[in-house]
> 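The structure follows.
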Amino acid sequence: MGGFIDLYTEADTFLHRMDPRVKIVAVLLLSLLAFILSHLYLLLALLTFIFLLLFLARATISRTAFALKFVLRFMVLIIILWPIFDPTGTPVLASLGPIKITEPAVWRGVTSAARVGCLATVWYILMFTTSQRDLVRALVKMGVRFDFGLTLAISLRFLPTFGALIDSIKDAQRARGLELSKGGLLKRSKNYVAVLVPTIVSALRTADTLSLALQSRAYGARADRTYLRDLNMRPSDYVALAVLAAILVLPAFAKFVMQVDI
Amino acid sequence: MIPSAHGIPREEKIISTRNLKFTYEGGVQALQGLNLDIRSGDYVAIVGGNGSGKTTLAKALNGLLKPTSGTVMVNGMPTSELKVAEIAKVVGYAFQNPDHQLFCSSVEDEVRFGPLNLGYPEQEVRQKVERAIEAMNLGQLRALAPLSLRLGERRRVSIASVIAMDPQVLILDEPTTGLDAGESLELMNSLKRLNAEGKTIILITHDMKVVAEHARRVIVMANGRMILDSDSRGVFSDLAILGESNLEPPPVVRLAHRLAKHGIPHDVMSVEELVFQLLRSRGGG
């Protein structure tokens, strides 16, 4: 259950050691780059680079299979659907009634799929190499209010708990003869009421207790709280930031200032 | 086959497991080869420390978990071939936390949910619901919202919602946890009545006082194995085996053991019995 909710895998690679703020910026920069590039070959090069990073982060196939399968399915869907809904350009490869499959549309589909692949995978690198705690620390350090950071941290922390809770509630209702997958769509969604209501009630009870527990540990007593673990940029982090900026700035300059078609 | 007072053959096996093993996905071997027979009319307590496999066993008995290897037979049918809903007609399971079950807007609707799922005709559902409400003494609360009730009451509602399906066997996971002494006593008396009416009761519990006072048979679990299966007197006469599974017998039992050299027998289980033995030994000496 927890496997795909928290993707973080402990290891000691340069990506793990990198300041989480740099990683967040890096992911944003690389995402922007995926939007700037419009040539398939460049996007494939970017995708290869991202996979290289994943490899360097020691993300094994077994660890990433779940996430990558999802991305791959989405990419295949784009490649199939794009040409069907985009009838512009010539030559026409095939046509069936109002549906026209054209060669440029096929390429556009593949390009978009590559772009989506870049966008999704680059975020996985962040999730694979950054613990949730560091991620939240980074966001707070970057100016997100501590309350929001804490809310995010607690939500992430409780996802597996609620996963287990829902499993338990499903079991409890199955023991009362409820068959969740029985009946038509309407009956099935009605079946889920028996799972949904106890889940929400338990979640609210947990939230209530948690807020009392936080208050009893002096949460909110001072606005300027201190931290046990602080984030500090090291020289290597600045280097990484500079390299990443170059990777984005050069193509952006080429495309928008020099009007090179890339 | 010895017929009991209620005409139900005592020796009829409702549930039997053979070399039952269960391993969780992460590789935890929760059950390591159990052979267990539950007979009609039994009042069994399954005890053991946390993580000993009690709850896994209970979930295997009503088919929520299917054996990794070995078999669980319910009325002669292997659970691996039955749906949980089919097994629920025979083996009812009340979960430890009533809030995992309750979702209706009135106690009566809540109790009705199970028998309706099992497809009983309206007339029969009404009868079963009435009997369950009566058995758990919920008449006063029947129109109230289950989630607005106190824990002890919510627990009774969740148990009633299982009884209403009229199963032959009733499994209760930690039914007395979080209840005060009065609520606990009331619940246990209700279970005693149900057992007298012929229901087979399986209690999963830490509460050794409840075990001493109510169960007739005790199964002690440790590390996924049954380390003892005996009548309850047998269990309390052997303190070492309880200690092995992180269980502490009730004070009266420990007191009796301390007084063993003064002629108090090992198998005292209640205050009344101890008083009787003490008076007898004093009268004798």
Side-chain angles (χ1 to χ4, degrees), chain A residues 1-10 60 62-63 65-66 158-184 186-213, chain B residues 24-26 55-56 58-59 61-65 83-105 109-120 125 132 145-148 151 154 158-167 169-173:
Chain A
M1 193 82 217
F4 56 83
I5 287 170
D6 187 359
L7 293 169
Y8 177 63
T9 315
E10 198 143 331
T60 58
S62 61
R63 249 333 248 149
F66 169 82
F158 273 92
L159 276 178
T161 309
F162 283 126
L165 174 73
I166 291 172
D167 283 346
S168 173
I169 289 171
K170 274 188 189 165
D171 274 356
Q173 303 300 32
R174 284 168 70 213
R176 293 167 78 192
L178 179 69
E179 293 178 72
L180 284 166
S181 52
K182 200 178 160 185
L186 196 71
K187 175 83 175 72
R188 256 191 267 181
S189 31
K190 228 182 113 193
N191 288 345
Y192 268 92
V193 173
V195 177
L196 210 60
V197 173
T199 305
I200 294 170
V201 169
S202 297
L204 290 176
R205 285 215 164 110
T206 308
D208 207 35
T209 315
L210 192 66
S211 74
L212 289 177
Chain B
Y24 282 101
E25 243 169 72
T55 296
T56 308
K59 286 187 175 176
L61 296 185
N62 83 334
L64 280 171
L65 299 176
K83 283 193 280 191
V84 178
E86 292 171 313
I87 301 170
K89 287 186 185 178
V90 185
V91 185
Y93 185 162
F95 272 58
Q96 179 174 359
N97 189 341
D99 296 344
H100 289 182
Q101 291 186 315
L102 305 179
F103 71 103
C104 294
S105 49
D109 284 349
E110 196 68 66
V111 177
R112 211 195 305 268
F113 180 71
L116 284 179
N117 280 331
L118 299 183
Y120 288 114
V125 170
L147 288 164
S148 69
L151 175 66
R154 295 206 298 278
S158 90
I159 295 172
S161 77
V162 175
I163 295 174
M165 297 188 290
D166 204 10
V169 183
L170 193 59
I171 304 178
L172 302 115
D173 197 344

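Letters A, B, ... mirror the listed sequences (proteins, then strands); counts begin at 1. Note that these values count all heavy atoms, side chains included, but never hydrogens, waters or copies made by symmetry. Only a predicted model underlies this, so the values are computations on that prediction, with no experimental measurement involved.
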> Using non-hydrogen atoms only, which part of A:Val193 is less than 4.5 Å away from chain B: side chain, backbone, both, or neither?
both
> Is B:Phe95 in contact with chain A via its backbone, its side chain, both, or neither, using a 4.5 Å heavy-atom distance?
side chain
> Verify the neighbour count for atom CG of A:Leu186: are there more than 12 heavy atoms of other residues, nucleotides or ligands below 6.0 Å?
no
> Under 4.5 Å heavy-atom distance to chain A, tell me which part of B:Glu110 shows up: side chain, backbone, both or neither.
both
> About how many Å separate NZ of A:Lys170 and CG of B:Leu64, when rounded to the nearest 0.5 Å?
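B:Leu64 atom CG to A:Lys170 atom NZ measures 12.5 Å (nearest 0.5 Å).
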> Hey, is the main chain of B:Ser161 close enough, under 3.5 Å, to the side chain of A:Arg176 for a donor-acceptor pair?
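Side chain of A:Arg176 to backbone of B:Ser161, a donor-acceptor pair under 3.5 Å: no, none is there.
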> Which atoms of B:Lys83 are under 4.5 Å from chain A, going by heavy atoms: the side chain, the backbone, both sets, or neither?
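B:Lys83 touches chain A through side-chain heavy atoms alone.
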> Testing the basics here: between A:Ala175 and B:Ala88, what is the closest heavy-atom pair and its distance to 0.1 Å?
O-CB, 3.4 Å
> Is there a side chain to side chain contact (heavy atoms under 4.5 Å, CB included) between B:Phe113 and A:Leu178 once you walk through the steps?
CA-CA 9 Å; B:Phe113 180 71; A:Leu178 179 69; 3.7 Å; yes
> Tell me, side chain or backbone of B:Leu102 under 4.5 Å from chain A's heavy atoms, or both, or neither?
backbone
> Roughly how far, to the nearest 0.5 Å, is the OG1 atom of B:Thr55 from the CG atom of A:Asp171?
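Nearest 0.5 Å value for the CG-OG1 distance: 11.5 Å.
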> Would you confirm whether B:Asp99, through its side chain, and A:Val201, through its main-chain N or O, come within 3.5 Å as a donor-acceptor pair?
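No; zero donor-acceptor contacts below 3.5 Å.
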> Do you know which of B:Leu118, B:Asn117, B:Val91 has the most heavy-atom pairs under 4.5 Å to chain A?
B:Asn117
> Given a strict heavy-atom distance threshold of 4.5 Å, which part of A:Ser168 is in contact with chain B: side chain, backbone, both, or neither?
both
> Where the side chain of A:Gln173 meets the backbone of B:Gln101, is there a donor-acceptor pair that is under 3.5 Å apart?
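A pair under 3.5 Å: yes.
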> Output the option from A:Arg205, A:Glu179, A:Lys182 having the highest count of non-hydrogen pairs under 4.5 Å with chain B.
A:Arg205
